[in-house]
Novice: 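Have a look at this one.
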Amino acid sequence: MNNSHVDEEVGKLKEEIQRLGQQQPDGSYKVKFGVLFNDDRCANIFEALVGTLRAAKKRKIVTYEGELLLQGVHDNVEITLFPPPAVAAA
């Protein structure tokens, strides 16, 4: 898998977390793994949701407990999408 493909997948993941998750006061979004995994639209977009999550975690775009998320076992693990970096006021 090349980098631009991974970036594209991670970008889609961010959109889906924003769609399905709850925005927090700090601008981050939280969503449970089971919600993402069981969503029909996500199922159609991501061939490997877990792999995309790992790539996003490596890039410090999301965070969650543990290394590998498994459907069923980790449905209640919360995934946090970090807020976008603050744009400096002009």
Side-chain angles (χ1 to χ4, degrees):
M1 222 194 301
N2 63 20
N3 256 353
S4 66
H5 181 72
V6 174
D7 290 341
E8 195 180 308
E9 292 272 297
V10 168
K12 288 178 188 166
L13 178 68
K14 285 162 66 170
E15 286 171 28
E16 295 307 306
I17 292 174
Q18 288 174 351
R19 181 174 67 88
L20 295 166
Q22 299 292 312
Q23 187 166 18
Q24 307 301 304
D26 67 356
S28 67
Y29 283 81
K30 290 187 188 292
V31 67
K32 299 235 188 291
F33 176 65
V35 172
L36 268 183
F37 196 94
N38 294 312
D39 181 73
D40 287 342
R41 195 164 124 185
C42 283
N44 290 331
I45 296 173
F46 304 109
E47 289 167 42
L49 177 62
V50 172
T52 303
L53 281 167
R54 286 185 70 177
K57 187 176 184 180
K58 239 193 202 151
R59 290 172 159 76
K60 310 252 185 287
I61 292 165
V62 301
T63 188
Y64 52 85
E65 288 290 308
E67 269 306 297
L68 188 64
L69 295 175
L70 301 172
Q71 189 207 1
V73 185
H74 297 117
D75 280 358
N76 286 321
V77 171
E78 210 161 49
I79 296 164
T80 302
L81 172 66
F82 291 119
V87 177

Novice: Does atom NZ (K14) have a neighbourhood of more than 12 heavy atoms from anything else shown, all under 6.0 Å?
Specialist: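 12 or below, so no.
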Novice: Measure across K32 and D75 and return the closest heavy-atom pair with its distance rounded to 0.1 Å.
Specialist: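 Smallest interatomic distance, heavy atoms only, reads CB-O, 3.5 Å.
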Novice: For the residue pair T52 and V50, establish whether any side-chain heavy-atom pair is separated by less than 4.5 Å.
Specialist: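 No, too far: nothing below the 4.5 Å cut-off.
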Novice: To the nearest 0.5 angstrom, please state how far the CG atom of D7 sits from the CD1 atom of I61.
Specialist: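 Output value for this atom pair is 7.5 Å.
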Novice: With side chains defined as the heavy atoms from C-beta onward, is the minimum distance between F33 and N76 less than 4.5 Å?
Specialist: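 Heavy-atom side-chain distance check fails, nothing below 4.5 Å.
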Novice: Decide side chain to side chain contact (heavy atoms under 4.5 Å, CB included) for Q22 and V31; before the verdict, give the C-alpha distance in whole Å, the side-chain angles of both, and the deciding distance to 0.1 Å.
Specialist: CA-CA 7 Å; Q22 299 292 312; V31 67; over 6 Å; no
Novice: Does the pair E8/K12 count as a salt bridge with the N-to-O cut at 4.0 Å?
Specialist: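 A salt bridge is present here (some side-chain N lies under 4.0 Å from a carboxylate O).
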Novice: Could you give the distance from CD (E16) to CZ (R41), rounded to the nearest 0.5 Å?
Specialist: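 Separation between the atoms: 4.0 Å.
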Novice: With rounding to the nearest 0.5 angstrom, report the CG to CD distance, L20 to E15.
Specialist: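 Here the rounded value is 11.5 Å.
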Novice: Nearest 0.5 Å, what's the CD-CD distance between E78 and E65?
Specialist: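 So the CD of E78 and the CD of E65 are separated by 10.0 Å.
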Novice: Once rounded to the nearest 0.5 Å, what's the spacing between atom CG of L53 and atom CG of L36?
Specialist: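 L53 atom CG to L36 atom CG measures 6.5 Å (nearest 0.5 Å).
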Novice: Can N38 and Q71 be said to form a side chain to side chain contact (heavy atoms under 4.5 Å, CB included), step by step?
Specialist: CA-CA 9 Å; N38 294 312; Q71 189 207 1; 3.4 Å; yes
Novice: Nearest 0.5 Å, please: how far is OH in Y29 from CD1 in I79?
Specialist: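 That separation rounds to 15.5 Å.
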Novice: Just do the side chain to side chain contact (heavy atoms under 4.5 Å, CB included) check on Y64 and R54 with the steps written out, would you?
Specialist: CA-CA 10 Å; Y64 52 85; R54 286 185 70 177; 3.5 Å; yes
Novice: Might you confirm whether atom NZ of K30 has over 12 heavy atoms from other residues, nucleotides or ligands at distances under 6.0 Å?
Specialist: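 Yes, because the 6.0 Å sphere around NZ of K30 holds more than 12 heavy atoms from other groups.
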Novice: Would you verify whether the NZ or CZ of K60 falls within 45 degrees of the ring axis of F82 while also being under 6.0 Å from that six-membered ring's centre?
Specialist: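 No cation-pi geometry.
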Novice: Should we say atom CG of D26 is surrounded by more than 12 heavy atoms from elsewhere, each under 6.0 Å from it?
Specialist: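 Count over threshold, so yes.
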Novice: Given the rule in the side chain to side chain contact (heavy atoms under 4.5 Å, CB included) test, do R19 and D39 qualify, once you have shown the distances and angles that lead to the verdict?
Specialist: CA-CA 11 Å; R19 181 174 67 88; D39 181 73; 2.6 Å; yes
